[in-house]
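All values derive from a computational prediction rather than experimental measurement. Quick note: numbers below take in every heavy atom, side chains included, and nothing from hydrogens, waters or symmetry partners.
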Amino acid sequence: MTTAHSFTRHDITFPSGDSTCAGWLYLPTGVTSPPVVILGHGLGATREMRLDAFAERFAQAGIAAVAFTYRHFGDSGGHPRQLLSIKRQLADWDAALACVKARPDVDRSRIAVWGSSFGGGHAITVASRHPELRAAVSQCPFTDGLASALALGPVASLKMTPVLARDMAARVRGKAPAMVPIASAPGSPALMNAPDALPGYQALQPPGTTFRNEVAARVIPTIAAYRPGRAAKKVAMPILFCVSNTDSVTPPAQTLRYARTAPRGEIKRYDAGHFDFYTGETFEALVRDQIEFLTRQLHPAPVSTP
């Protein structure tokens with residue numbers, strides 16, 4: 001009978017920019033110098049929102065994992081709070097990589113990145129900039145801001161114009177940011193208002209979660225202009241794209257077009273919604289496929305078979 005590796009979880013922090021990111025390090029027990037995968041989440045989400053579930057499974061497969069929360073969110077540092085900056089989040093990924101490369105308890109030559117949703121877009125960008133990585137996983141990725149804005153709908157987008165103007169003014173005056181919801185009911189102004197968006201976020205929150213359903217509105221124009229899928233063609237290492245066929249937030253047609261440009265890309269498709277990826281049978285299918293891919297690319301120590 002095959003058994004999974006046991007593992008230990010350690011609280012870590014690492015410097016990024018003018019502050020710090022908080023994270024968890026998962027180490028498979030009894031494995032010397034395991035490969036490691038770094039996990040980052042989506043819009044405004046913190047690592048407590050099911051990144052731990054994926055990281056635990058990777059550790060059981062003999063792969064160390066670092067799940068981190070971006071600056072300005074959760075228990076990471078950074079002010080003002082709830083500031084979603086693409087530039088800063090990408091810097092946080094670079095800082096997480098630097099942290100892993102400085103650790104003596106993992107194999108610094110076998111590193112992968114794993115991102116989901118908005119973090120799935122970041123994983124493409126980071127992989128395109130770090131050819132030393134062994135592999136990347138991009139799950140239900142945000143690949144094209146314009147496509148996502150069109151999915152949101154022009155009426156909902158226009159409803160956010162006044163709060164965007166208020167936040168821009170607050171930024172100039174050094175005042176507290178004006179906030180916009182991350183997820184809300186259909187027709188309401190938010191970064192995501194698909195029918196499954198608000199219940200999807202709520203389903204990911206454990207008791208006592210640090211998640212706040214709002215971000216500074218100034219991010220709106222930068223999200224619309226962010227098109228990380230364009231970097232897929234520059235990703236030199238194997239990259240696995242896990243795509244929802246019915247994704248209401250990150251339209252799958254555009255994602256698949258980008259994924260097919262990755263020189264060593266692999267694509268897995270699932271008949272499940274964007275927010276179904278984190279729980280239940282869909283999670284089980286995803287994590288199986290991801291472990292198979294990461295094991296193939298990172299060659300972790302085999303699990304014992306009593």
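Contact between F14 and D92 at its shortest, heavy atoms only, is CE1-O, 3.9 Å. Nearest heavy atoms, P252 versus S244: CB-O, 3.2 Å. The shortest non-hydrogen separation linking A67 to L51 is CB-CB, 4.1 Å. Nearest approach of W114 to A123, heavy atoms of both residues: C-CB, 4.5 Å. In this structure, P221 and M168 approach most closely via the heavy-atom pair CG-CE, 4.1 Å. When all heavy atoms of V37 and V113 are compared, the closest pair comes out as CG2-C, 4.1 Å.
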Start with the C-alpha gap between Q290 and Q139, add the side-chain angles, then the distance that decides, and say whether side chain to side chain contact (heavy atoms under 4.5 Å, CB included) holds.
CA-CA 10 Å; Q290 292 170 5; Q139 173 176 294; 2.8 Å; yes
Before giving the answer on salt bridge (charged side-chain N to carboxylate O under 4.0 Å, His left out), spell out for R81 and E214 the whole-Å C-alpha distance, their side-chain angles and the decisive distance to 0.1 Å.
CA-CA 10 Å; R81 304 306 294 166; E214 60 182 8; over 6 Å; no
Would T143 and T250 satisfy side chain to side chain contact (heavy atoms under 4.5 Å, CB included), going step by step from the backbone distance to the final call?
CA-CA 7 Å; T143 55; T250 56; 5.9 Å; no
Please assess R227 against Y258 for the test side chain to side chain contact (heavy atoms under 4.5 Å, CB included), listing each intermediate value before the final yes or no.
CA-CA 10 Å; R227 305 176 87 177; Y258 285 130; 4.0 Å; yes
Stepwise side chain to side chain contact (heavy atoms under 4.5 Å, CB included) test for L198 and N213
CA-CA 9 Å; L198 185 57; N213 185 23; 3.8 Å; yes
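Side-chain atoms of R47 and D75, non-hydrogen and from C-beta on, do get closer than 4.5 Å to each other. A heavy-atom distance below 4.5 Å is not found between the side chains of L27 and F7. Side-chain atoms of P177 and Q82, non-hydrogen and from C-beta on, never get closer than 4.5 Å to each other. You'll find the side chain of V219 stays beyond 4.5 Å of the side chain of S85, heavy atoms only. The shortest distance between side-chain heavy atoms of V126 and L97 falls below 4.5 Å. Within the 4.5 Å cutoff, no side-chain heavy atoms of T32 are placed close to those of D107. Side-chain contact between R103 and L25: present, with at least one pair of heavy atoms (C-beta onward) separated by less than 4.5 Å. When side chains are defined from C-beta on, C140 counts as touching S116, because their heavy atoms get closer than 4.5 Å.
More than 12 non-hydrogen atoms from other residues, nucleotides or ligands lie less than 6.0 angstrom from CZ of R212. Atom NZ of K175 sits in a sparse spot, with 12 or fewer heavy atoms from other residues, nucleotides or ligands closer than 6.0 Å.
Between R269 and D289, no side-chain nitrogen of the basic residue sits less than 4.0 Å from a carboxylate oxygen of the acidic one, so the salt-bridge criterion is not met. Ion pairing between E292 and K268 fails under the 4.0 Å rule for side-chain N and carboxylate O. Salt-bridge annotation for E132 and R108: absent, with no side-chain N of the basic residue lying under 4.0 Å from a carboxylate O of the acidic one.
Separation of atoms CG (L240) and CZ (R264) is listed at 13.5 Å; rounding is to 0.5 Å. With values rounded to the nearest 0.5 angstrom, H72 atom NE2 is found 4.0 Å from R88 atom CZ. Atom CG of N193 and atom CD1 of I182 lie 13.5 Å apart (nearest 0.5 Å). Note that CZ of R171 and CZ of R218 are 5.5 Å apart. Values are rounded to the nearest 0.5 Å. The CD atom of Q89 sits 9.0 Å away from the CG atom of L83 when rounded to the nearest 0.5 Å. Taking OG1 of T125 as the reference point, atom CD1 of I86 lies at 9.0 Å (rounded to 0.5 Å).
There is a path of hydrophobic side-chain contacts, each under 4.5 Å, that joins Y201 to F54. Under the 4.5 Å side-chain heavy-atom criterion for ILVMFWY residues, no single connected hydrophobic cluster contains both F58 and V31. Under the 4.5 Å side-chain heavy-atom criterion for grouping Ile, Leu, Val, Met, Phe, Trp and Tyr, I111 is connected to M237 within one hydrophobic cluster. Taking hydrophobic clusters as Ile, Leu, Val, Met, Phe, Trp and Tyr residues chained together by side-chain heavy-atom distances below 4.5 Å, F118 shares a cluster with L90. Cluster membership check: M179 does not share its hydrophobic cluster with M192, using side-chain heavy-atom separations under 4.5 Å among Ile, Leu, Val, Met, Phe, Trp and Tyr.
Listed for the R110 side chain is a donor-acceptor partner under 3.5 Å among the backbone atoms of L298. The backbone N or O of N245 lies less than 3.5 Å from no partner atom in the side chain of D271, so there is not a single donor-acceptor pair. When atom types are taken as modelled, the side chain of S19 and the backbone of G78 share a donor-acceptor pair closer than 3.5 angstrom. The backbone N or O of Y278 sits less than 3.5 Å from a side-chain atom of R50, completing a donor-acceptor pair.
Note on ring orientation: taking the six-membered ring where Trp is involved, the planes of Y70 and F68 are perpendicular (angle over 60°, cut-offs 30° and 60°). Classified by interplanar angle (parallel below 30°, tilted 30° to 60°, perpendicular above 60°), the ring pair Y270/F277 is perpendicular.
H274 has its ring centre no less than 6.0 Å from the ring centre of F142. For Y26 and H5, the gap between ring centers reaches or exceeds 6.0 Å.
Defined by atom type and a distance below 3.5 Å, a donor-acceptor pair is present between the side-chain atoms of S248 and D196. With 3.5 Å as the limit, one finds no donor-acceptor pair spanning the side chains of T69 and S76.
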